[in-house]
Colleague: 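Have a look at this one before I ask anything.
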Amino acid sequence: MKHKLEERVEVEYLRNNFQYDPITGYLFRLKKVMGFDGNPMVGGKKVISGVNSCGYINAKILGHCYPVHQIVWYMHYGNMPERPMEIDHINRIKTDNRICNLRAVTKRSNNMNKQFNLKYGVPGVTWRKDVNRYVVKRRVNGKTVHAGFFDKLEEAIKAAKQLENKTKLHIVTGKQIGRAHV
């Protein structure tokens, strides 16, 4: 199944009407086109229709809005990543659309690259009110690995770091681990 950008816009149309600067990550319109208000839009300016609710820069092309990082990828490579792959910003800055900052990854890898607001400084540590203790657990290849309950935050953080080190190999290789405590 083709990406909607590939279905609606030919890559040659983009290459003939837009210029991409790989150093800055900006997309420029080359030709004057008519805007929606009937006035001509000047060529040579950065193409920005706004920032969407997820924080990505959008551009309007042939009446449809697309994230600029998708347009840049399509112009550079000539096709979109096949599903289930998606485009990830390596440095986590959603407005940095340099091609060296974009990569095709699975949804799982993309989610691993997200920034999280960590309440206790490390992933996997949470507080359980019902037992008045810290619990350390982590999802690895679709399974929950539980490292235990802890009375002190320092102990929980240490256990979380050990759990991360023990499960790194399993995340990278995709090997499954059992339900046993690590």
Side-chain angles (χ1 to χ4, degrees), residues 1-126 138-142 144 160 164 167-168 171-174:
M1 183 172 161
K2 279 190 167 185
H3 190 277
K4 66 181 176 182
L5 180 60
E6 284 181 299
E7 288 177 358
R8 295 176 182 163
V9 183
E10 294 290 328
V11 71
E12 290 307 314
Y13 174 84
L14 293 174
R15 290 177 178 160
N16 290 334
N17 290 286
F18 298 91
Q19 179 183 358
Y20 168 68
D21 183 355
I23 296 170
T24 62
Y26 295 144
L27 189 65
F28 298 93
R29 191 176 301 279
L30 292 176
K31 302 176 182 177
K32 288 184 180 181
V33 295
M34 294 302 286
F36 292 106
D37 58 358
N39 295 326
M41 296 172 63
V42 180
K45 289 191 176 180
K46 282 193 282 187
V47 178
I48 298 176
S49 294
V51 178
N52 67 18
S53 61
C54 296
Y56 297 104
I57 297 173
N58 276 351
K60 193 164 263 190
I61 297 174
L62 298 175
H64 296 280
C65 272
Y66 303 100
V68 169
H69 66 278
Q70 291 179 359
I71 298 167
V72 165
W73 184 278
Y74 188 36
M75 285 178 65
H76 185 79
Y77 293 108
N79 59 9
M80 295 298 289
E82 289 190 27
R83 297 190 196 282
M85 303 298 274
E86 49 189 50
I87 301 170
D88 176 40
H89 288 81
I90 298 168
N91 67 3
R92 300 181 184 152
I93 300 172
K94 295 178 179 182
T95 57
D96 183 357
N97 294 312
R98 295 173 298 141
I99 200 69
C100 65
N101 185 45
L102 302 176
R103 64 181 175 179
V105 296
T106 61
K107 186 152 188 86
R108 177 181 285 177
S109 296
N110 198 3
N111 286 338
M112 288 173 59
N113 194 28
K114 283 185 179 177
Q115 285 180 316
F116 295 101
N117 186 9
L118 302 173
K119 190 171 184 178
Y120 301 108
V122 293
V125 178
T126 55
R138 180 182 180 126
R139 297 280 292 173
V140 180
N141 296 328
T144 301
E164 181 180 3
T167 58
K168 266 186 187 172
I171 292 171
V172 173
T173 62

Colleague: For residues Tyr77 and Ile99, determine if any side-chain heavy atom of one lies less than 4.5 Å from a side-chain heavy atom of the other.
Modeller: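 A side-chain contact under 4.5 Å exists here.
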Colleague: Taking atom OG1 of Thr144 and atom CZ of Arg138, what is their separation to the nearest 0.5 Å?
Modeller: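 Thr144 OG1 to Arg138 CZ: 11.5 Å, rounded to 0.5 Å.
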Colleague: Any donor-acceptor pair under 3.5 Å linking the side chain of Lys94 with the backbone of Cys54?
Modeller: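 Looks like yes, one N/O pair under 3.5 Å.
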Colleague: To the nearest 0.5 Å, what is the distance between CG (Asp88) and NZ (Lys107)?
Modeller: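 These two atoms lie 11.0 Å from each other.
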Colleague: Between Tyr74 and Val9, is there a donor-acceptor pair closer than 3.5 Å when you use the side chain of the first and the backbone of the second?
Modeller: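 Yes; judged by distance alone, with no hydrogens or angles, the pair exists.
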Colleague: Does some side-chain heavy atom of Asn17 sit less than 4.5 Å from a side-chain heavy atom of Leu30?
Modeller: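 Of all side-chain heavy-atom pairs linking Asn17 with Leu30, none is under 4.5 Å.
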Colleague: What's the spacing between Arg103 CZ and Glu86 CD if we round to 0.5 Å?
Modeller: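 Answer for the CZ-CD pair, Arg103 versus Glu86, is 11.0 Å.
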Colleague: Identify the two heavy atoms, one from Asn97 and one from Val72, that lie closest to each other, and give their separation to 0.1 Å.
Modeller: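 Closest pair (atom of Asn97, atom of Val72, distance): O-CG1, 3.7 Å.
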Colleague: Should the pair Lys4-Glu7 be classified as a salt bridge under the 4.0 Å nitrogen-to-oxygen rule?
Modeller: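 The answer is no: the pair does not qualify as a salt bridge.
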Colleague: Measure up the Tyr56 and His69 rings against each other and bin them: parallel (under 30°), tilted (30 to 60°), perpendicular (over 60°).
Modeller: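 Tilted.
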Colleague: Which heavy atom of Tyr13 sits nearest a heavy atom of Leu62, and at what distance?
Modeller: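 Heavy-atom minimum between the residues: OH-CD2, 3.5 Å.
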Colleague: Could you pull out the closest heavy-atom pair between Val11 and Met75, with the gap in Å?
Modeller: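 Closest heavy-atom pair between Val11 and Met75: CG2-CA, 4.0 Å.
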Colleague: Under 4.5 Å between any side-chain heavy atoms of Ile61 and Phe18, yes or no?
Modeller: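 Yes. Closest side-chain heavy atoms under 4.5 Å.
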Colleague: Working to the nearest 0.5 Å, report the span between NE2 of His76 and SG of Cys100.
Modeller: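 Output value for this atom pair is 10.0 Å.
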Colleague: Please tell me if the side chains of His89 and Leu102 come closer than 4.5 Å, counting only heavy atoms from C-beta onward.
Modeller: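 Yes - at least one pair of side-chain heavy atoms lies under 4.5 Å apart.
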Colleague: Taking atom CZ of Arg29 and atom NZ of Lys60, what is their separation to the nearest 0.5 Å?
Modeller: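 Spacing of CZ (Arg29) from NZ (Lys60) equals 11.0 Å.
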Colleague: Would you call the rings of Tyr26 and Phe28 parallel, tilted or perpendicular, taking 30° and 60° as the class edges?
Modeller: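 Tyr26 and Phe28: perpendicular rings.
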Colleague: What are the two closest heavy atoms between Ala59 and Ile71, and how far apart are they?
Modeller: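 Taking Ala59 first and Ile71 second, the nearest heavy atoms are CB-CD1, 3.8 Å.
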Colleague: Using the rule given for side-chain contact (heavy atoms from CB on, under 4.5 Å), can you reason through Arg98 versus Thr24, listing the C-alpha separation, both sets of side-chain angles and the distance that settles it, and then say yes or no?
Modeller: CA-CA 6 Å; Arg98 295 173 298 141; Thr24 62; 5.9 Å; no
Colleague: Could you state the interatomic distance from CH2 (Trp73) to NE2 (His3), rounded to the nearest 0.5 Å?
Modeller: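 Trp73 atom CH2 to His3 atom NE2 measures 12.0 Å (nearest 0.5 Å).
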Colleague: Minimum heavy-atom separation for Asn101 and Asp96, please, with both atom names.
Modeller: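 Heavy-atom minimum between the residues: ND2-O, 2.9 Å.
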Colleague: Can you name the closest pair of heavy atoms from Ile87 and Pro81 and give their distance?
Modeller: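 Heavy atoms only, the tightest pair is CG1-CG, 3.8 Å.
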Colleague: Would you confirm whether Glu6, through its side chain, and Met80, through its main-chain N or O, come within 3.5 Å as a donor-acceptor pair?
Modeller: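 Yes; at least one donor-acceptor contact below 3.5 Å.
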